[in-house]
**Student:** 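Below: one structure in structure tokens.
Just so you know, these numbers use all the heavy atoms, side chains as well, and skip hydrogens, waters and symmetry mates. Proteins get letters first, then strands, A, B, ... in listed order; numbering begins at 1 in each.
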There are 4 protein chains.
Amino acid sequence: MKKIAMEYRVPYADTDQMGVVYYGNYLTLFERARNELMRACGYTYKQCEAEGWMLPVVHAEVDYRRPAKYDDLLEVTAWCRAHKGVRLEIACEVRRKGEEDLLVSGYTRHCFVSTETFHPIPPPEHFISIIDQ
Amino acid sequence: MKKIAMEYRVPYADTDQMGVVYYGNYLTLFERARNELMRACGYTYKQCEAEGWMLPVVHAEVDYRRPAKYDDLLEVTAWCRAHKGVRLEIACEVRRKGEEDLLVSGYTRHCFVSTETFHPIPPPEHFISIIDQ
Amino acid sequence: MKKIAMEYRVPYADTDQMGVVYYGNYLTLFERARNELMRACGYTYKQCEAEGWMLPVVHAEVDYRRPAKYDDLLEVTAWCRAHKGVRLEIACEVRRKGEEDLLVSGYTRHCFVSTETFHPIPPPEHFISIIDQ
Amino acid sequence: MKKIAMEYRVPYADTDQMGVVYYGNYLTLFERARNELMRACGYTYKQCEAEGWMLPVVHAEVDYRRPAKYDDLLEVTAWCRAHKGVRLEIACEVRRKGEEDLLVSGYTRHCFVSTETFHPIPPPEHFISIIDQ
């Protein structure tokens, strides 16, 4: 299954007065990685919406092990860890680039939803075949 | 002309590693104050959009004099400082509640725009009469 | 055990192009509620840091059931759902004020840590006695 | 004088319910560009702080001409447009990569300040010589 890695340079904006990246900002980082995962699959999230479906987050979990800091060059990896019916789970891991220590990890669970009705819909078959490659 | 004051408690999320509120976050604070200014005028921004017009920001200026800090209870004041044709300017000032020292001040310039065409439109007359009260 | 409820008016800043509050922003909302929970206990988080200890988040989980929208007046409740040794868990629930439907719920797990060494430390006894009231 | 260009991919997090990048988020984008400008000068902002001085923002202005949208690949340019005594101004421009239309432009004015006293200090000579290259 496809797995991507993207780089991210931490701005001052992401830090808090503890001198580390604020815990809520990792969910934006996870989103950036999901976007790149889909782009790498040849099917951007923007296209999904244009085709009439979305993947809103229904559940998120994050483990904070070590803090990322200002100006760190992070490497964020993302992959689809499971999908079944209308549900899809994307896992993410955050490290400093070139280092093995895991800083933060987690996953988000998504539901395939119509952009018109906001109701769950079966995932497009071509999308699932891409995910399973 | 109407002038409102609203309270805002600074969360950790707003701070940066310098131990003060990150400079970009004041624009969100200005928006919160604009929302309350319109509500106090009996005409929420949500209603504006429902009626088919918006007020996107076309220009913003901020002066940073003294820093706000975590857990500060701020008082933000806002008022319409000018309007002419399709343009409207809202001024904001940020202080610690109960203190006179000005921490941050600035204004945003807005343009009346149709939610359908995104083109400038004349402001609704009833809105202007409210602003001028 | 102490339980607080706080109000929060959703600004445009919190929304995304799906027209709902962006999923990552709820973690800031959880933090706002935790701050008020501690204030209600007569012991602000600012005081904790001044006394030499912090409560960084080591794990967070969020369930997204229904979306909050722009200008919604939310009610966020928070309470300590568990504590043992150096760990503490704070639960949060988000509703529209005056409505019963749960929009978002979740919890954060924290670790008592020294502000000097960043190592785990036993929780101050007076703090635990407050939490257990 | 040095001028840099950096790429930035717009996440969902940056958008608002108008379907465009929220106006406050450009100040974070300006900061990202300033960081890269300093790195290109061979002198990161992190080093500045380590050497005992900072460059807090004392004034910011932004012109919003056209909106950036989700998944746009932006190109942000930054350069020092002026410096005199303890003041320094950094200009920024935001475009879609490969396009000429200016979306957003602005500048931030900074003050050289000691990390210990928070008082204005003369800029380090080696820093000014780098800026003037």
**Student:** Which atoms of Glu31(D) are under 4.5 Å from chain B, going by heavy atoms: the side chain, the backbone, both sets, or neither?
**Tutor:** both

**Student:** For chain B, which of Val62(D), Thr115(D), Val104(D) has the most heavy-atom pairs under 4.5 Å?
**Tutor:** Val62(D)

**Student:** Look up atom CZ in Phe118(B) and atom CZ in Arg66(D), then write down how far apart they are to the nearest 0.5 Å.
**Tutor:**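 Output value for this atom pair is 14.5 Å.
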
**Student:** Supply the atom-to-atom distance Asp63(B) CG to Arg109(D) CZ, rounded to the nearest 0.5 angstrom.
**Tutor:** 7.5 Å

**Student:** So which part of Tyr26(B) gets closer than 4.5 Å to some heavy atom of chain D, the side chain, the backbone, both or neither?
**Tutor:**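 For Tyr26(B), neither part sits under 4.5 Å from chain D.
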
**Student:** For Tyr22(D) and Leu27(B), work out which heavy atoms get closest and say how close.
**Tutor:** OH-O, 3.9 Å

**Student:** For Thr108(D), is it the side chain, the backbone, both, or neither that has a heavy atom closer than 4.5 Å to a heavy atom of chain B?
**Tutor:** side chain

**Student:** Could you check which of Ala60(D), Pro56(D), Gly24(D) has the highest count of heavy-atom pairs closer than 4.5 Å to chain B?
**Tutor:**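 Ranked by contacts with chain B, first place is Ala60(D).
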
**Student:** Let me confirm one number: the OH-NE2 distance from Tyr64(D) to His110(B), rounded to the nearest 0.5 Å.
**Tutor:**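 If I round to the nearest 0.5 Å, the distance is 10.0 Å.
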
